[in-house]
Amino acid sequence: MSTLYPSVLLVALGSAEEQAQCRTLRVRDEQSDFIATNAESLEQAADSPWCEPLGVRAVHTGEMVGFLMHALDPDENSRWIYRLMIDHRYQGRGYGRAALRALLEHLQKMPGGPGVALGVAPENTGARRLYACEGFVETGELIDGELIMRRLLA
Ligand SMILES: CC(C)(COP(=O)(O)OP(=O)(O)OC[C@H]1O[C@@H](n2cnc3c(N)ncnc32)[C@H](O)[C@@H]1OP(=O)(O)O)[C@@H](O)C(=O)NCCC(=O)NCCS
């Protein structure tokens, strides 16, 4: 049996209006310790030449349903997924998985090594499950209290 996932587009947040829309997106209250606010992330991206912040747009409605951000680690020459969030109103509908898959495809076309990594809070069981399903493996590394998970892009 095949499972259908919603199509998403990853969009650059070029205009002030898109950035404002992105800032309104929120996770559930009980998830707020797992991720910075989008306003904080956009500020961080503005200060870093390595970060690319992207909105997650649902193709069938055109609505912005989430946000993600990746960065190149120039020392490791690997990609890091710094943020992935789906607004609380749209969670549980497959957008998180669709956004992660779209990001991995996007990263394959970018310069850099074949590795991609991320950090996740140990108690964030939903995200850990999603990442494990998509081929990320916990390496045993712990950075700032977060479990590091890695996979190859190809
Ligand atoms: C993690 C997150 C992005 C998932 O987005 P989502 O759109 O709700 O996820 P999906 O509907 O695509 O679900 C994909 C898979 O994730 C896992 N998952 C997501 N939420 C889960 C939950 N509450 N409990 C258990 N598993 C969960 C499941 O494996 C699910 O697949 P399944 O439905 O086939 O079992 C979203 O919950 C979120 O924004 N969380 C807050 C921010 C955050 O923690 N980001 C990660 C930081 S590292």
Side-chain angles (χ1 to χ4, degrees), residues 1-13 18-45 47-48 50-73 76 78-108 110 112 115-153:
M1 198 175 85
S2 69
T3 310
L4 288 178
Y5 293 102
S7 296
V8 297
L9 278 178
L10 303 185
V11 292
L13 297 166
E18 282 169 320
Q19 294 203 7
Q21 215 180 342
C22 179
R23 283 192 202 92
T24 67
L25 303 179
R26 302 261 181 281
V27 296
R28 296 183 181 148
D29 288 346
E30 65 272 22
Q31 297 170 328
S32 60
D33 287 345
F34 296 150
I35 193 160
T37 65
N38 292 351
E40 289 166 333
S41 297
L42 288 173
E43 256 180 54
Q44 184 186 350
D47 283 344
S48 164
W50 307 111
C51 286
E52 185 182 33
L54 295 166
V56 178
R57 212 174 265 294
V59 169
H60 67 297
T61 61
E63 281 190 88
M64 197 182 292
V65 297
F67 169 76
L68 56 81
M69 186 160 95
H70 69 88
L72 178 70
D73 177 337
E76 268 190 5
S78 67
R79 294 275 158 192
W80 280 76
I81 300 175
Y82 274 175
R83 306 281 188 273
L84 169 63
M85 65 81 72
I86 299 297
D87 182 87
H88 64 98
R89 293 165 298 165
Y90 302 105
Q91 288 186 18
R93 303 188 202 175
Y95 286 120
R97 190 189 299 278
L100 181 58
R101 288 184 177 180
L103 175 61
L104 293 170
E105 266 179 41
H106 176 65
L107 294 181
Q108 273 176 9
M110 301 195 77
V116 57
L118 57 87
V120 61
E123 56 278 25
N124 194 351
T125 47
R128 284 172 71 184
R129 189 164 160 199
L130 168 61
Y131 295 135
C133 284
E134 296 301 315
F136 285 85
V137 175
E138 290 176 11
T139 61
E141 299 159 274
L142 198 64
I143 300 180
D144 293 337
E146 291 195 329
L147 305 171
I148 303 305
M149 301 182 79
R150 294 178 186 269
R151 63 162 274 179
L152 295 177
L153 282 170

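When a ligand or atom number is given, it counts from 1 through the structure's own listing order.
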Greater than 12 external heavy atoms within 6.0 Å of E43's CD
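Count not over threshold, so no.
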Protein heavy atoms near [atom], is at least one of them under 4.0 angstrom away?
atom: atom 41 (C) of ligand 1; answer: yes
atom: atom 33 (O) of ligand 1; answer: no
atom: atom 13 (O) of ligand 1; answer: no
atom: atom 23 (N) of ligand 1; answer: no

At less than 4.0 angstrom from any non-hydrogen atom of [X], what atoms of ligand 1 do you find?
X: G94; value: 10 (P), 11 (O), 12 (O)
X: Y131; value: 46 (C), 48 (S)
X: G119; value: 48 (S)
X: R93; value: 11 (O)
X: M85; value: 39 (O)
X: G92; value: 6 (P), 7 (O), 8 (O), 11 (O)
X: Y95; value: 7 (O), 12 (O)
X: F34; value: 44 (O)

With only distance considered, is [X] within less than 3.5 Å of ligand 1 through an N or O on each side?
X: R97; answer: yes
X: N124; answer: yes
X: A98; answer: no
X: V120; answer: no

Any donor-acceptor pair under 3.5 Å linking the side-chain atoms of R150 with those of T139?
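No - no donor-acceptor pair under 3.5 Å links their side chains.
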Under 3.5 Å side-chain donor-acceptor pair for Y90 and E63:
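Side chains of Y90 and E63: pair found under 3.5 Å.
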Closest contact, heavy atoms only, S41 versus M69:
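Looking at all heavy atoms of both residues, the shortest contact is O-SD, 3.7 Å.
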Where do V65 and L25 come nearest, in terms of heavy atoms and distance?
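Nearest heavy atoms, V65 then L25: C-CD1, 4.1 Å.
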Of C133, G66, G96, A127, which has the heavy atom at the shortest distance from atom 7 (O) of ligand 1?
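Nearest heavy atom to atom 7 (O) of ligand 1 lies in G96.
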Selection from V56, V8, L68, L130 by shortest heavy-atom distance to atom 4 (C) of ligand 1
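It is L130 whose heavy atom sits nearest to atom 4 (C) of ligand 1.
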Passes side chain to side chain contact (heavy atoms under 4.5 Å, CB included), F136 versus V116? Steps please.
CA-CA 9 Å; F136 285 85; V116 57; 4.0 Å; yes
Run the numbers on V56 and L10 for side chain to side chain contact (heavy atoms under 4.5 Å, CB included), then give the verdict.
CA-CA 5 Å; V56 178; L10 303 185; 4.0 Å; yes
Salt bridge flag under 4.0 Å for residues E138 and R128
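Salt bridge: yes.
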With a 4.0 Å cut-off on heavy atoms, is L84 in contact with ligand 1?
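The answer is yes: ligand 1 sits under 4.0 Å from a heavy atom of L84.
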